[in-house]
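Scroll down for the structure; my scribbles are underneath it.
Numbering of ligands and ligand atoms starts at 1, following listing order. None of these values were measured; they are calculated from a predicted model.
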Amino acid sequence: MIAEVADCGVAQAKLAADNAQRGFEAWRKTTAFERSALLKAWHQAMMEAKEVLAVTMSREMGKPIREARGEVDYAASFLEWYAEQAKRVDGDILPSQHPDKRLAVLRQPVGPVLAITPWNFPAAMITRKVAPGLAAGCSVIVKPAEQAPVTALLLAQLWQQAGGPAEVFQVITAERPAAVSDVLMEDRRIRKVTFTGSTPVGKHLYAKSAATMKRMSLELGGHAPFLVFDDADIEAAVAEVMASKFRNGGQTCVCANRIYVQRGILDAFSERLTAAVDELRVGQPDDETTQIGPLVSQAGRNKAQSHIDDALAKGARRLTAEREVDGFFVAPTVLADVTNDMQIMQEETFGPVAPLIAFDSEEEAVAAANATPFGLAAYLWTRNLGRAARVSEALDYGIVGVNDGAPSVPQAPFGGVKDSGLGREGGRYGIDEYLDTKFVSTRLDG
Ligand code: NAD
């Protein structure tokens, strides 16, 4: 155990909603320039606290320390970007067919927001929601994951240190999330819910939101295909699979979960990937050389291990060397001869396991990639420009990386289709989720 935090329930949830409503009334009256200045100050405070934040999240959920520092930079980049974007939320004046009427379109904050976040990126999943929300003029209550509440509390502390009002950004920690979220979901004053997490919980919240007609953004599970065509630069493709699949121990919603390789290059690709995975350093998260840390929990470890065991039992071959691991660790693994009846082909693994599947034609690869209820991120590797365009257009996904295994940047829209959710985070698209459109029609007197 690294810390104890409050276990909030119904009473604290009601209090948070009261505060958020009061915070919103004041915050919505601030100018975009004031909000921008505060977000900039928060960004500065976050960068000054980079090491504390990185060490905290690494201890909370096992992310290797070097990756944790990278996450702080990524998380802070949303504060900086939305500090700038706050000043660019504008409206429209429409031409009128009536000489005595003026037609204006205003964009106004939706109101108090509830943000529910997961443990796998304990800082970035918060700032990607809170920064656009605050920039738009909303107040935000964050309910962080039970596994990583301290990072969230530190972010709120830094916000206040930077001069941010406490009622405008609150964190409510809870061991039983439903107790808190039920109160806030039923509260009519909470006008928007933004959720990142698993698809079943996302669907449950979506159904609940109907009663009070809340705006919803849902960033849910993925099952990303990674297509490597035989004209690809194999070395580069292997390097990017390593980055995409093994970052955060494979506990990433956009990480490659199904690696389809065209038959002509399958042996060369498998050999290089296996060699690279065998070299990965498994170790404690605070060791500067660690590349693969423990998974977040016993349940997380068991799920990833069961995907390996199930695949081996159904005829897959392990290409990587066996390693002795214990506790929450799973040995980074490459599997060959993987078939569709294996669990790993049907569900998100959330662990360091790379299954390889052979394909022959472009049509076959696209059809296999799309044959899933999920649609978050997909990747393709080719040097053929026509194929890159055709396949990226045909993939039924919210994000496509073409010869790029790490497409996330603060200015781009991030989000999925189908069971991977709705709405987008990041860029000018991300702030729209926190704005309502109001039409003002004015008849001039005289
Ligand atoms: P989870 O759904 O169990 O938990 C996510 C959050 O929801 C946590 O804060 C949790 O406390 C809360 N929660 C759980 N049950 C709840 C309920 N009944 N009512 C209200 N809140 C509840 O997911 P997880 O295991 O923590 O996170 C991993 C999942 O998140 C994966 O499926 C992953 O793909 C997804 N994810 C998606 C994105 C994305 O942007 N699409 C990013 C990161 C993670």
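- Applying the salt bridge (charged side-chain N to carboxylate O under 4.0 Å, His left out) definition to pairs two or more places apart or across chains, those involving residues 190-201 are K192-E433.
- Here the heavy atom of the protein found nearest to atom 21 (N) of ligand 1 is P177 CB, 3.7 Å.
- The option with the heavy atom closest to atom 2 (O) of ligand 1, from among G426, G197, S198, is S198.
- For the atom pair Y379 OH and S392 OG, the distance stands at 14.0 Å (nearest 0.5 Å).
- Polar contact check, Q147 against ligand 1: no nitrogen or oxygen pair lies under 3.5 Å apart.
- No N or O atom of S420 sits closer than 3.5 Å to an N or O atom of ligand 1.
- Once rounded to the nearest 0.5 Å, the distance linking CG of L280 with CZ of R323 reads 6.5 Å.
- Nearest to atom 12 (C) of ligand 1 among the protein's heavy atoms is I116 CG2, 3.7 Å.
- Salt bridge present: E186 and K208 bring a charged side-chain N and a carboxylate O closer than 4.0 Å.
- Among the atoms of C253, none of the N or O lies under 3.5 angstrom from an N or O of ligand 1.
- In this structure, the side chains of L335 and L312 come closer than 4.5 Å at one or more pairs of heavy atoms.
- T274 meets the side chain to side chain contact (heavy atoms under 4.5 Å, CB included) test with D278, L319, T320, V334; sequence neighbours excluded.
- When each atom of ligand 1 is checked for a heavy atom of G221 under 4.0 Å away, the hits are 32 (O), 34 (O).
- The shortest side-chain heavy-atom distance between L155 and M46 falls under the 4.5 Å cut-off.
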Decide yes or no on ring pair (Phe, Tyr, Trp, His ring centres under 6.0 Å) for F229 and Y260, but give the supporting numbers first. CA-CA 8 Å; F229 290 94; Y260 295 93; over 10 Å; no
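- Atoms of ligand 1 lying under 4.0 Å from any heavy atom of R128, numbered from 1 in the order shown and given with element: 40 (O).
- For atom 16 (C) of ligand 1, the nearest non-hydrogen atom from the set N120, V201, T252 comes from V201.
- Atom 18 (N) of ligand 1 has A178 CB, 3.9 Å as its closest protein atom, hydrogens excluded (heavy atom only).
- A salt bridge links D7 with R176; the closest basic N to acidic carboxylate O contact falls under 4.0 Å.
- M61 does not count as a contact of ligand 1, since none of its heavy atoms falls under 4.0 Å from the ligand.
- Of all the atoms in ligand 1, the ones that sit under 4.0 Å from a non-hydrogen atom of K143 are 8 (C), 9 (O), 10 (C), 11 (O).
- For ligand 1, the atoms lying closer than 4.0 Å to a non-hydrogen atom of L220 are 34 (O), 37 (C), 38 (C), 39 (C), 41 (N).
- Counting protein heavy atoms only, atom 28 (C) of ligand 1 is closest to F350 CE2, 3.8 Å.
- Within the structure, ligand 1 has P144 among the residues with a heavy atom less than 4.0 angstrom away.
- Within the 4.0 Å cut-off (strictly below), no protein heavy atom is located near atom 4 (O) of ligand 1.
- An N or O contact shorter than 3.5 Å is missing between T199 and ligand 1 by distance.
- The shortest N or O to N or O distance between H204 and ligand 1 is not below 3.5 Å.
- A salt bridge links E51 with R69; the closest basic N to acidic carboxylate O contact falls under 4.0 Å.
- Residue T196 has no N or O atom closer than 3.5 Å to an N or O atom of ligand 1.
- Each of the following atoms of ligand 1 lies closer than 4.0 Å to a heavy atom of A145: 8 (C), 9 (O).
- Of all protein heavy atoms, the one lying nearest to atom 7 (O) of ligand 1 is F195 CE1, 3.2 Å.
- Closest to atom 10 (C) of ligand 1 among all protein heavy atoms lies E146 OE1, 3.4 Å.
- Near S181, with a cut-off below 4.0 Å to any heavy atom, the atoms of ligand 1 are 19 (N), 20 (C).
- Side-chain contact between E60 and V296 is absent, with no heavy atoms from C-beta onward closer than 4.5 Å.
- Among W381, F359, Y397, the single residue meeting the ring pair (Phe, Tyr, Trp, His ring centres under 6.0 Å) criterion with F226 is W381.
- With a 4.0 Å heavy-atom cut-off, ligand 1 is reached by the side chain of E348 but not by its N, CA, C or O.
- With salt bridges taken as basic N to acidic carboxylate O contacts below 4.0 Å, none links K14 and D187.
- The single protein non-hydrogen atom nearest to atom 24 (P) of ligand 1 is W119 NE1, 3.4 Å, given as residue, atom name and distance.
- When V254, D182, T117 are ranked by how near their heavy atoms come to atom 6 (C) of ligand 1, first place goes to T117.
- Under 4.0 Å is where a charged nitrogen must lie from a carboxylate oxygen, and between R215 and D436 at least one such pair does.
- At least one cation-pi condition fails for K129 and F78: the charged atom is not both under 6.0 angstrom from the six-membered ring centre and inside a 45 degree cone around its axis.
- The shortest heavy-atom distance from F121 to ligand 1 is not under 4.0 Å.
- When the shell of 6.0 Å around CZ of R66 is examined, it contains 12 or fewer heavy atoms from other residues, nucleotides or ligands.
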